[in-house]
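Read the structure below first, then the notes.
No hydrogens, no waters, no symmetry mates; every other heavy atom, side chains included, goes into these values. Indexing begins at 1, ligand by ligand and atom by atom, following the structure's order.
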Amino acid sequence: MAFADPLTIALSKGRIFKETLPLLAHAGIAALEDPETSRKLILATNQANVKLIIVRASDVPTYVQYGAADLGVAGKDVLLEHGGEGLYEPLDLGIARCRLMVAGLPPRVTADAAVAAPSPRAGEGRGEWDQSRGSARPRIATKYVKCAERHFAAKGQQVEVIKLYGSMELAPLVGLADGIVDLVESGNTLKANGLVPLEHIADISSRLVVNKAAWKMKHASVMALLTALRAAVRERQAAQDQSQAIREESPPFRTFPGPFSIQ
Ligand code: PRT
Ligand code: MG
């Protein structure tokens, strides 16, 4: 596949880059360098007209909105927070999946239960951000300020949202906040810090975003890339469904009578 128009694609290092590469390969695009080892922020590809730029995950929508990149891949969390102005979001790539959640210390345990499962010592009792359980205006620490405000406003709950840039899980432990809004994938980070998921806000995956002007001006090239990515996503989904079906069909233990089996 050759692209008639020059295309710049904004990606972030880490999980998004790694999971987007196999999808780009379906469109015949391969990076010539690895951003984990190269310090370059503009990466050439095997396609003369296509380059990748490496930006912070939360900056991807901004680069695409202002046309510094024609396309990009951004988490739905980032898009919800950004607002999506100036962008089209034509494809769910189904990668970097996780959930945006409210989390906090476990609800206060009863005296009996406390013997079996003592509540975390640090910041004990501060997990009661829920109005029915504690302070009138609980504090919620997050880097997703707008998402958190929208979530609690929709529930008619008054909270004070505190903006943090990372390590949100620490906030309830040291008394900075009563709860957090953050991404949860396996739940291991919450668990390791004695926190529990409390409320689901949104299912998150990464989306292809396209600059609105590029969508018009570079239509043929954008559509060629979009079509190839859509096929790649469909193919990967079919392969995942198939392996899931095989897992569900086969019993966990299968015993075959071998040549030495005792009947
Ligand atoms: O690191 P930087 O500040 O530059 O940006 P970033 O942290 O947003 O980038 P990156 O690469 O970490 O994440 C990019 C995108 O991946 C996010 O915007 C999400 O859409 C998606 N994604 C998917 C995740 C996770 N899963 C995830 N588990 N992003 C972050 N996490 C973190 C989460 O914040 C928490 O600290 O992993 C921890 C929880 O993981 P578990 O498995 O312990 O539950
Ligand atoms: Mg990160």
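- Checking D182, I16, L100 against atom 15 (C) of ligand 1, the nearest heavy atom belongs to I16.
- Looking at S206 next to ligand 1, no N or O pair under 3.5 Å apart turns up.
- Residue E169 has at least one heavy-atom neighbour below 4.0 Å for each of these atoms of ligand 1: 35 (C), 36 (O).
- Residue-level proximity to ligand 1 for R56 is carried by the side chain, the only part with a heavy atom below 4.0 angstrom.
- Heavy-atom distances between S12 and ligand 1 stay at or above 4.0 Å for every pair.
- We find that E89 and R207 are joined by a salt bridge, their nearest charged nitrogen and carboxylate oxygen being less than 4.0 Å apart.
- Looking at S186 against ligand 1, both its backbone and its side chain come within 4.0 Å, counting heavy atoms.
- Residue-level proximity to ligand 1 for L190 is absent, since no heavy atom of it falls below 4.0 angstrom.
- Of all the listed residues (K13, E185, R15, M168), R15 holds the heavy atom that lies closest to atom 31 (N) of ligand 1.
- Backbone and side-chain nitrogen or oxygen atoms of D77 are examined, and one is located within less than 3.5 angstrom of a nitrogen or oxygen of ligand 1.
- Residues H82 and Q65 bring a donor and an acceptor atom of their side chains to less than 3.5 Å of each other.
- The pair D203-R97 does not count as a salt bridge, with every side-chain nitrogen at least 4.0 angstrom from each carboxylate oxygen.
- At distances below 3.5 Å, not a single donor-acceptor pair connects side-chain atoms of Q158 with backbone N or O atoms of A136.
- Remark: the E248 side chain and the Q244 side chain contain an N/O donor-acceptor pair separated by less than 3.5 Å.
- The closest approach between G14 and ligand 1 stays at or above 4.0 Å for every heavy atom of the residue.
- For ligand 1, the atoms sitting less than 4.0 Å from at least one non-hydrogen atom of A96 are 16 (O), 21 (C), 22 (N), 23 (C), numbered in the order shown with element in parentheses.
- When only interatomic distances are considered, the shortest N/O to N/O separation between K76 and ligand 1 does not fall below 3.5 Å.
- Where the criterion is an N or O separation shorter than 3.5 Å, residue side chain and backbone included, S58 fails it with respect to ligand 1.
- Polar contact with ligand 1: present for G187 (N/O pair, distance under 3.5 Å).
- Residue-level proximity to ligand 1 for R99 is absent, since no heavy atom of it falls below 4.0 angstrom.
- Proximity to V78 (heavy-atom distance under 4.0 Å) selects the following atoms of ligand 1: 18 (O).
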